[in-house]
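Have a look at the structure below, then the notes.
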Amino acid sequence: MSDALDVLKQRGFFKQCTDEPGLRAKLAEGPQKFYIGLDPTGPSLHIGHLVPIYASAHLQKAGHQPIILMGGGTARIGDPSGKTEMRQMISYEQIDKNIASQKPQIAKLIDFDSTNALLANNADWLAPLNYIDFLRDIGRHFSVNRMLTFEAYKQRLEKGLSFIEFNYQLLQSYDFLELFRRKNCILQIGGDDQWGNIVAGMELIRRVESAETYGLTFPLVTRSDGKKMGKTEKGALFLDPSLTSVYDFYQYWRNVPDADVERFFLTFTFLPVEECRNLGAAEGSDINKSKERLAYEVTALLHGEKEAVKARDGAKAAFSGGGDKTGIPSEKIGKTELEAGINILDLFSRTSLCASKSEARRLVLQGGARVNNVKIEDVEAFIDMTDAVDGELMLKAGKKRFFRIELTDRE
RNA sequence: GGGGAGGUUCCCGAGUGGUCAAAGGGGGCAGACUGUAAAUCUGUUGCUUCGGCUUCGAAGGUUCAAAUCCUUCUCUCCCCA
């Protein structure tokens with residue numbers, strides 16, 4: 001149990017920590033409760049949300065007890081940390097829906113069955129709050145002067161900061177206090193952008209409860225190429241397969257920059273540290289094998305092995321031919337429709353490969369469109385049954401975007 | 001409440017009556033090079049039945065013609081109270 005912190009350090013989940021020796025000793029004493037905060041602002045988690053959950057999973061494996069705090073109350077406010085824009089306000093009803101759909105996603109990494117993990121919602125104590133009482137009991141412990149020295153607020157002072165956002169720190173601190181009181185939660189962990197809020201919570205607990213608690217942050221995960229983690233051209237990489245297909249999810253990891261392989265293995269899989277290092281150390285085309293493994297491991301973890309195999313085989317089939325193609329994004333088209341012939345632009349623009357006909361036109365003109373690996377450069381071209389191979393059309397846009405058209409007898 | 005500055009295409013940001021679907025950069029897409037990597041270079045980047053159509057916070061108005069001028073509204077930021 002004493003190695004919980006070491007695990008986090010080894011795997012790159014350690015940026016800074018308050019009173020490290022103290023925390024180490026506390027964790028060595030026995031199972032401790034800790035929490036992370038998640039914002040249920042969307043119906044699905046995306047990769048960006050995952051790092052704290054992975055960190056929690058490691059601590060849980062080390063015997064500690066995670067509390068996953070859904071910010072059902074705070075989701076209605078904006079967190080000023082780093083963000084430039086205020087968040088949209090959403091209804092409690094929507095938030096509850098989001099929580100319901102996010103929980104199973106969290107459960108992929110956190111074991112809720114063993115009863116030592118807990119899902120909480122801060123709306124439980126934030127919603128009934130009385131403004132006057134809150135100001136008197138909690139607000140008085142916060143110094144505006146001190147808050148203004150926090151980096152998060154400094155930045156926002158340039159761009160503008162609403163009072164409601166300014167209050168975020170108080171609410172988050174209050175969360176920590178409530179969890180300490182209700183569950184004896186003694187540790188809050190989070191991304192490094194949460195450092196200020198975490199420390200503020202600890203200070204609050206120290207003042208009103210005269211108790212010592214701890215905070216730990218991990219580095220914000222970035223990509224070596226500077227792109228936002230988990231962001232694709234189309235937006236965030238969601239865990240919900242209806243928002244991001246398993247195939248696309250797999251491909252995201254498959255195409256990660258070389259320099260990130262080791263770190264991503266450490267962060268997003270549970271493979272032994274030694275193995276992660278070896279896989280990340282591979283060079284040349286070997287690192288490609290590592291990426292295949294990375295993609296498979298992460299996909300299997302979050303979507304299940306069956307889906308991962310399908311995505312992996314689908315990708316293999318698309319890139320090197322043969323094999324099981326069912327994992328590739330696809331759509332059905334009736335044979336009779338194809339018999340009549342479909343214009344190449346119409347064909348591409350009705351798939352997810354092209355958003356509009358203009359885009360399809362561009363693609364064709366630039367030589368990026370292929371049907372069953374035959375380059376089509378004529379925008380007037382018609383595709384019909386004679387182009388089908390094995391009862392399907394494999395569309396390819398550019399070098400690595402595929403789409404499969406399945407031909408069916410019925411319309 | 002008073003005064004000032006602004007809201008431009010995915011983002012940043014030019015544009016102040018026609019030559020503006022709108023500079024430049026970022027991002028995206030495509031091509032070359034590769035390893036389904038990175039870096040680099042090139043092209044491209046509103047929609048379209050290819051006739052046009054819709055875009056510059058919103059609604060009106062002036063004009064042959066507006067992102068550009070006028071009016072009202074709305075939102076943001078700054079200064080004063």
Side-chain angles (χ1 to χ4, degrees), chain A residues 78 80 82-89 155-165 222-237 245 247-265 279-296 298-299 311-323 325 327-329 342-346 348-370 373 375-380 382 394-403:
Chain A
K83 300 195 183 65
T84 44
E85 280 188 33
M86 243 181 97
R87 188 177 286 166
Q88 262 194 335
M89 302 273 181
Q155 286 170 16
R156 289 303 303 272
L157 282 177
E158 309 281 324
K159 298 286 288 180
L161 173 69
S162 75
F163 186 67
I164 193 173
E165 289 174 89
T222 53
R223 282 176 44 134
S224 61
D225 56 8
K227 284 182 189 151
K228 276 206 176 154
M229 184 62 213
K231 293 276 177 179
T232 66
E233 312 68 52
K234 285 168 191 150
L237 200 69
S245 71
Y247 178 85
D248 287 341
F249 185 88
Y250 176 92
Q251 282 300 125
Y252 177 83
W253 299 100
R254 179 64 247 268
N255 284 300
V256 126
D258 288 6
D260 296 330
V261 173
E262 177 182 314
R263 202 158 43 91
F264 287 1
F265 263 114
L279 285 162
E283 286 184 31
S285 60
D286 281 345
I287 192 106
N288 247 337
K289 293 272 175 233
S290 296
K291 288 183 200 177
E292 243 176 70
R293 179 79 189 281
L294 175 69
Y296 177 78
V298 180
T299 309
R312 187 235 277 144
D313 292 352
K316 275 191 180 150
F319 284 90
S320 18
K325 297 175 184 164
I328 304 169
I342 303 176
N343 173 260
I344 183 73
L345 301 186
D346 290 325
F348 270 80
S349 58
R350 66 194 275 175
T351 71
S352 54
L353 297 176
C354 295
S356 69
K357 241 176 129 172
S358 302
E359 208 174 297
R361 175 185 302 273
R362 237 171 271 134
L363 182 72
V364 171
L365 255 20
Q366 291 177 138
R370 285 166 192 272
N373 225 23
K375 191 195 273 188
I376 310 288
E377 291 181 281
D378 178 10
V379 296
E380 305 284 323
F382 269 77
M394 183 62 80
L395 308 188
K396 186 177 181 187
K399 291 194 195 75
K400 47 191 185 189
R401 293 156 58 220
F402 294 87
F403 195 93

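Residue numbers start from 1 in every chain, and the chains themselves are labelled A, B, ... in the order their sequence lines are given, proteins ahead of strands.
Distance check on atom C1': B:rU71 versus B:rU63 gives 16 Å, rounded to whole Å. Nucleotides B:rC33 and B:rU40 place their C1' atoms 9 Å apart, quoted to the nearest Å. Rounded to the nearest Å, the gap between the P atom of B:rG31 and that of B:rG13 is 33 Å. Taking the C1' atoms as reference points, B:rG7 lies 16 Å from B:rA59, given to the whole Å. Using atom C1' as the reference point in both B:rA23 and B:rU9, the two lie 13 Å apart (nearest Å). Look at the C1' atom in both B:rA30 and B:rU49: the space between them is 26 Å, to the nearest Å. Spacing between B:rU55 and B:rC79 at atom C1', rounded to whole Å, works out to 35 Å. Taking atom C1' on both nucleotides, B:rA66 is separated from B:rG1 by 34 Å, rounded to a whole Å.
For the pair A:Arg362 CZ and B:rG31 C1', the computed distance is 15 Å after rounding to whole Å. If you measure from atom CZ of A:Arg263 to atom C1' of B:rA37, you get 15 Å, rounded to the nearest angstrom. Atom C1' of nucleotide B:rG43 and atom CG of A:Leu363 are separated by 14 Å, given to the nearest angstrom. Note: CD (A:Glu359) to P (B:rC29) measures 10 Å, nearest angstrom. In this structure, the NZ atom of A:Lys375 is 11 Å from the C1' atom of B:rA30, given to the nearest Å. Atom-to-atom, CZ of A:Phe264 to C1' of B:rA38 comes out at 13 Å; the value is rounded to the nearest Å. Between A:Ile287 atom CD1 and B:rA39 atom P there is a gap of 15 Å when expressed in whole angstrom units. Separating the CG atom of A:Leu345 from the P atom of B:rU49 is a distance of 9 Å, rounded to the nearest angstrom.
Nucleic acid contact for A:Arg254: base, since at least one base atom lies under 4.0 Å from a heavy atom of the residue. Residue-level contact check: A:Ala397 touches the backbone only, with heavy atoms under 4.0 Å from sugar-phosphate atoms and none from bases.
Taking syn as a glycosidic angle within 90° of 0, B:rG43 does not qualify and is anti.
Between the CG atom in A:Leu365 and the OG atom in A:Ser358 there is a gap of 11.0 Å [rounded to 0.5 Å]. A:Leu395 CG to A:Leu353 CG: the interatomic distance, rounded to the nearest 0.5 Å, is 6.0 Å. If you take CZ on A:Arg254 and NZ on A:Lys316, they are separated by 9.5 Å, rounding to the nearest 0.5 Å. Here CZ of A:Phe264 is found 8.0 Å from CG of A:Leu294. Values are rounded to the nearest 0.5 Å. Taking CZ from A:Arg350 and CG from A:Leu345, the interatomic distance works out to 13.0 Å, rounded to the nearest 0.5 Å. Atom CZ in A:Arg312 sits 7.5 Å away from atom CD in A:Glu292 (nearest 0.5 Å).
The backbone N or O of A:Lys357 lies less than 3.5 Å from no partner atom in the side chain of A:Ser349, so there is not a single donor-acceptor pair.
When each of A:Gly398 and A:Gly284 is assigned the nucleotide of RNA chain B with its nearest heavy atom, A:Gly398 is the one assigned upstream, toward the 5' end. Of the two residues contacting RNA chain B, namely A:Arg361 and A:Gln251, the nearest-nucleotide position lying further toward the 5' end is that of A:Gln251.
Between A:Ser356 and B:rU48 there is a side-chain polar atom (N or O) within less than 4.0 angstrom of OP1 or OP2. Within the structure, every side-chain polar atom (N or O) of A:Lys399 is placed at least 4.0 Å from both OP1 and OP2 of B:rC29. For A:Lys357, no side-chain nitrogen or oxygen approaches OP1 or OP2 of B:rC50 to under 4.0 Å.
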Output one line per pair: protein atom, nucleotide atom from nucleotides 20-25 of chain B, and distance, for all N/O pairs under 3.5 Å.
none

Worksheet item: Can you check salt bridge (charged side-chain N to carboxylate O under 4.0 Å, His left out) on A:Asp313 and A:Lys325, steps first, answer last?
Response: CA-CA 7 Å; A:Asp313 292 352; A:Lys325 297 175 184 164; over 6 Å; no
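Looking at A:Asp258, its side chain comes within 3.5 Å of the base of B:rG35 through a donor and an acceptor atom. With hydrogens and angles ignored, no donor-acceptor pair closer than 3.5 Å exists between the side chain of A:Gln366 and the base of B:rG31.
Of the nucleotides present, none pairs with B:rU16 by Watson-Crick or G-U wobble criteria with both distances under 3.5 Å.
Aromatic pair A:Phe348/A:Phe403: centroids not less than 6.0 angstrom apart.
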